There are 2 protein chains.
Amino acid sequence: MPKDRAPTRIQKKNRAAILEAALNVFSAHGFRGATVDQIAAEAGLSKPNLLYYFPSKEAIHTELLSGLLDTWLAPLHDLDEDGDPMEEILAYIQRKLQMSQELPRESRLFANELVQGAPRIHEALSNDLKELVDDKVTTLTRWMDQGKIARVHPYHLMFSIWALTQHYADFEVQVRAILGEEDPFEGADPFVDTLYRKLLTP
Amino acid sequence: MPKDRAPTRIQKKNRAAILEAALNVFSAHGFRGATVDQIAAEAGLSKPNLLYYFPSKEAIHTELLSGLLDTWLAPLHDLDEDGDPMEEILAYIQRKLQMSQELPRESRLFANELVQGAPRIHEALSNDLKELVDDKVTTLTRWMDQGKIARVHPYHLMFSIWALTQHYADFEVQVRAILGEEDPFEGADPFVDTLYRKLLTP
DNA sequence: TCTTGATTTGACCATCTGGTCAAACTCACG
DNA sequence: CGTGAGTTTGACCAGATGGTCAAATCAAGA
């Protein structure tokens, strides 16, 4: 394993290649379905070489998840209490939809983990995520109190946004099977925009 | 393997026990994450004994999925062109939500399969499911043409219903992590009802 | 160039896993 | 009962898989 110094050029390149490969493999097959050999092959390394950079399969997975959590939660972080309520929420939804389109692997990585009970990120959910959501729910509630948006259950509002936007990435095969050749995201944006505009208009 | 006659008392009991156990294990760990030993143990059988009733792990999985597909699609089947549009749709949504609550294992079984690209039910999606959805979309479109419900993209409407209702089962850990002690389904029903009533009111 | 730490790998290992098989056991029925 | 079909299991196997290790190779600074 590399020493505890500044990472060399090679270390940087290989660790990045491994994480990139791991994202592909884990998001497509889940933790258990992914094999170290597969990740190594995709990263262009031999298995022992891969294990020279990460101590175990689990370590790669953990680093991937924790490294991506910030990215994943950034849009919600950006929800600004001082902005225009309706525009803030619709912008959040649009960013989430865009992430589903542009980062489907990341979405499926989390989806895989969650649907199997989140054995490896349960803590992050109950702490970081809950804290962030609770905070933003306060904002939403305040907006409702001020009559800026319609009063709905704020937590379920949040869940619905996640469900709707991530559905396109997580269940992409199903969406594609039904839409055929058509671009899955064609029309999604106006649809969710209308949906939440109608829901939240006081 | 049992002969091709009428199933004996023991065959009925054991096959049922195996499928029940398999539903638990597959829905919790996905196909690859599940082991035959685990299923056998949960069914109260030895592994060779389990494999006396089913030729392989894959066969159990296949039978589970195809056996549950009808159950899973029944609510959509029931959407009645001759009923009251708004009530029909809201009833469909409510039934889906109820299934998410009462049959979370089934929901996660399909979710697991879908998020990993549906390698084993791709055909059913492109045929049975697509056909059913296309048919119901025709109904929805007709209702929109008649001005009975607001005009929205009918396929995205369908996706949104699935996403929203199944979210509670598929990502139950996340919902629980955020809501804490509170019952995840508390308030979900009125929320989705309001959501779709507002969206679809012309 | 030489040296030393960084990097890479072939060979190997223990364990897990899906599946097989022959032998043993059980049950229903004549 | 006795018997043959139905049921169960211990022992076993081959391949996959996560991980180890010593030896070989490489890279960069003195």
Side-chain angles (χ1 to χ4, degrees), chain A residues 1-65 112-113 116 119-120, chain B residues 1-65 112-113 116 119-120:
Chain A
M1 37 218 115
K3 284 288 162 56
D4 197 4
R5 304 182 188 169
T8 67
R9 168 180 62 88
I10 295 177
Q11 278 170 37
K12 260 187 205 166
K13 192 193 64 173
N14 282 346
R15 286 183 61 97
I18 291 168
L19 289 173
E20 169 71 15
L23 176 56
N24 279 334
V25 178
F26 281 134
S27 68
H29 304 291
F31 180 76
R32 198 128 183 325
T35 73
V36 177
D37 281 294
Q38 225 178 331
I39 299 172
E42 190 130 345
L45 299 174
S46 66
K47 183 168 59 167
N49 199 7
L50 180 149
L51 289 166
Y52 168 72
Y53 290 99
F54 288 89
S56 68
K57 176 184 174 183
E58 177 118 26
I60 304 173
H61 193 249
T62 302
E63 181 145 335
L64 247 195
L65 285 172
N112 257 303
E113 184 67 9
Q116 287 176 21
R120 282 168 284 274
Chain B
M1 35 217 118
K3 285 289 162 56
D4 197 2
R5 303 181 188 170
T8 67
R9 168 181 63 89
I10 295 177
Q11 279 171 35
K12 261 188 206 164
K13 192 194 64 173
N14 282 346
R15 285 184 61 96
I18 291 168
L19 288 173
E20 169 71 15
L23 176 57
N24 280 334
V25 179
F26 282 133
S27 68
H29 304 292
F31 179 76
R32 197 127 183 325
T35 73
V36 177
D37 281 293
Q38 226 178 327
I39 299 172
E42 190 129 344
L45 299 174
S46 66
K47 182 168 60 167
N49 199 6
L50 180 149
L51 289 167
Y52 168 73
Y53 291 99
F54 288 89
S56 68
K57 176 184 174 181
E58 178 117 25
I60 305 173
H61 193 249
T62 302
E63 181 146 336
L64 247 195
L65 284 172
N112 256 303
E113 184 66 10
Q116 286 176 22
R120 281 167 287 272

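Remember, predicted model here, so these are calculated numbers, not experimental data. Reminder, nothing fancy here: chain letters follow the sequence lines and each chain counts from 1.
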Tell me the interatomic distance from [X], atom [atom1], to [N], atom [atom2], rounded to whole angstroms.
X	N	atom1	atom2	value
K13(A)	dT7(C)	NZ	C1'	11 Å
L45(A)	dG18(D)	CG	P	16 Å
R15(A)	dA6(C)	CZ	P	15 Å

Under 4.0 Å between a side-chain N or O of [X] and OP1 or OP2 of [N]?
X	N	value
Q11(B)	dG6(D)	no
N14(A)	dT8(C)	yes
Y52(B)	dT8(D)	no
N49(A)	dT9(C)	yes
S46(B)	dT8(D)	no

key: Shortest non-hydrogen separation from E113(A) to R120(A) and the atoms involved   = OE2-N, 2.7 Å
key: Contact summary for K57(B) and R32(B), nearest pair of heavy atoms   =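 Scanning both residues completely, I find the closest heavy atoms to be NZ-O, 3.8 Å.
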Which donor-acceptor pairs under 3.5 Å do the side chains of residues 37-48 of chain B make with protein atoms, sequence neighbours left out?
residue: Q38(B); atom: OE1; partner: T35(B); partner atom: N; Å: 3.4
residue: Q38(B); atom: NE2; partner: H29(B); partner atom: NE2; Å: 3.3
residue: E42(B); atom: OE2; partner: N24(B); partner atom: ND2; Å: 2.9
residue: S46(B); atom: OG; partner: N49(B); partner atom: N; Å: 3.3

query = Is any side-chain heavy atom of I10(B) less than 4.5 Å from a side-chain heavy atom of Y53(B)?
reply = yes
ask   = Are the side chains of L19(A) and F54(A) in touch, meaning some heavy atoms are under 4.5 Å apart?
value =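 Contact flag for L19(A)/F54(A) side chains = yes.
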message = For a quick check, with a 4.0 angstrom heavy-atom cut-off, what is the B/S/- contact string for nucleotides 17-30 of chain C, read 5' to 3'?
response = SBBBB-----SS--
ask   = Is the F31(B) ring parallel, tilted or perpendicular to the F26(B) ring (thresholds 30°, 60°)?
value = parallel
